[in-house]
Amino acid sequence: MIGGKLRELRTEHGMTLRGLAAETGLSPTLLSQVERGVTEPSLKTLRALAPVFGQSISALFEDPVAGLVHISKPGQRSRISTPAGRIQYERLTSGNGQLEMLKAKLNPGERSSDEPWSHPAVECAYVLTGTLTVTVGVGTYEVLGGEAITLDSNQPHMYSNNSDALVEFVLSASPPTP
């Protein structure tokens with residue numbers, strides 16, 4: 001879905017793959033692979049693309065024909081990963097632009113970003129397995145399997161796995177701003 005949306009936006013803006021590559025610093029090969037659905041874009045890639053089209057990252061996932069009911073099936077969900085694959089997200093919700101729910105996996109010793117960052121939203125992370133370390137502002141919180149944490153995303157925040165086991169959690173954000 002994201003590849004088709006990017007191709008549509010690139011065409012609407014009268015850009016070639018090489019032109020978009022020059023504008024974003026991304027390779028034409030990577031952009032072609034994303035558009036064709038050969039590879040899923042990382043958050044870093046999406047952060048480079050969105051401003052070129054005057055869009056938020058979440059707008060790149062919006063589905064204008066999202067129905068009243070959406071069933072998310074394993075193997076058919078779009079995937080997003082952070083640079084170097086530190087965290088992998090599976091998109092659980094349709095692209096209605098109101099709520100984003102992602103299933104996330106964070107390997108031992110990994111974190112969601114190099115530094116805490118902020119964006120206008122409210123997030124809730126429900127830990128399925130493992131212990132998720134969440135940094136919000138100057139505070140650090142250990143969230144165990146079965147527990148949830150809700151935070152104001154306007155505060156710089158970051159998710160980390162400081163354990164030796166995989167952490168799986170469901171992350172919701174409103175409004176969507178991955």
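Basis for what follows: all heavy atoms, side chains included, without hydrogens, waters or symmetry-related copies.
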Asker: With sequence neighbours excluded, what pairs up with V38 under the side-chain contact (heavy atoms from CB on, under 4.5 Å) test?
Answerer: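 Per chain and number, V38 pairs via side-chain contact (heavy atoms from CB on, under 4.5 Å) with Q33, R36.
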
Asker: How would you list, by chain and number, every residue that makes a salt bridge (charged side-chain N to carboxylate O under 4.0 Å, His left out) with D114, sequence neighbours excluded?
Answerer: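 With neighbours one apart ignored, the set is R86, R111.
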
Asker: Going from CD1 on I87 to CG on L106, what distance comes out if it is rounded to the nearest 0.5 angstrom?
Answerer: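 The CD1 atom of I87 sits 4.5 Å away from the CG atom of L106.
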
Asker: Of all heavy-atom pairs between P41 and T45, which one has the smallest distance, and what is that distance?
Answerer: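 That would be CB-CG2, 4.1 Å.
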
Asker: Please enumerate all residues that pass side chain to side chain donor-acceptor pair (under 3.5 Å) together with S163, with sequence neighbours excluded.
Answerer: N161

Asker: Given the rule that I, L, V, M, F, W and Y join up when any side-chain heavy atoms are under 4.5 Å apart, are M158 and Y89 in one cluster?
Answerer: no

Asker: Does the side chain of L49 come within less than 4.5 Å of L20's, by heavy atoms?
Answerer: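 Yes. Closest side-chain heavy atoms under 4.5 Å.
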
Asker: Quick one: salt bridge (charged side-chain N to carboxylate O under 4.0 Å, His left out) partners of R7, sequence neighbours excluded?
Answerer: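 With sequence neighbours excluded, R7 shows a salt bridge (charged side-chain N to carboxylate O under 4.0 Å, His left out) to E35, given in chain and number order.
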
Asker: Starting at OG1 of T11, measure out to CG of L6 and round the result to the nearest 0.5 Å.
Answerer: 10.5 Å

Asker: Once ring-ring contact (aromatic ring centres under 6.0 Å, His included) is applied, what residue pairs with a partner in residues 30-52 remain, sequence neighbours excluded?
Answerer: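 Residue pairs with at least one partner in residues 30-52: there are none.
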
Asker: About how many Å separate CG of L17 and CG of L26, when rounded to the nearest 0.5 Å?
Answerer: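 The distance works out to 11.0 Å.
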
Asker: Which atom names give the shortest non-hydrogen contact between S160 and L132, and what distance separates them?
Answerer: O-CD1, 3.6 Å

Asker: Who passes side-chain contact (heavy atoms from CB on, under 4.5 Å) against A148, sequence neighbours left out?
Answerer: C124, Y126

Asker: Would you tabulate the side-chain donor-acceptor contacts of residues 135-145 under 3.5 Å, counting partners in other chains and residues two or more places apart, or write 'none'?
Answerer:
from: E142; atom 1: OE1; to: T133; atom 2: OG1; distance (Å): 3.1
from: E142; atom 1: OE2; to: T133; atom 2: OG1; distance (Å): 3.0

Asker: Any pair with a residue in residues 18-41 that passes ring-ring contact (aromatic ring centres under 6.0 Å, His included), sequence neighbours left out, goes on the list, sorted by first then second residue, please.
Answerer: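 Counting only pairs at least two positions apart or across chains, no ring-ring contact (aromatic ring centres under 6.0 Å, His included) contact touches residues 18-41.
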
Asker: For K105, which residues count as a side-chain contact (heavy atoms from CB on, under 4.5 Å) partner, sequence neighbours excluded?
Answerer: Q88, L166, E168

Asker: Going by the side-chain hydrogen bond (donor to acceptor under 3.5 Å, both in side chains) test, name the single residue among S172, S153, S174 that passes it with E123.
Answerer: S153

Asker: Measure the spacing between OG1 of T131 and CG of N162 and express it to the nearest 0.5 Å.
Answerer: 9.5 Å

Asker: Enumerate the side-chain hydrogen bond (donor to acceptor under 3.5 Å, both in side chains) contacts for residues 13-23, please, sequence neighbours excluded, ordered by first and then second residue.
Answerer: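 side-chain hydrogen bond (donor to acceptor under 3.5 Å, both in side chains) check on residues 13-23 returns no pairs.
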
Asker: Are L102 and V122 grouped together when hydrophobic residues (ILVMFWY) are joined by side-chain heavy atoms under 4.5 angstrom apart?
Answerer: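 L102 and V122: separate clusters.
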
Asker: Can you name the side-chain contact (heavy atoms from CB on, under 4.5 Å) partners of E12, sequence neighbours left out?
Answerer: E8, L9

Asker: Mind listing the closest non-hydrogen atom pair of S118 and P156 along with its distance?
Answerer: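 Closest approach of S118 to P156: CB-N, 3.8 Å.
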
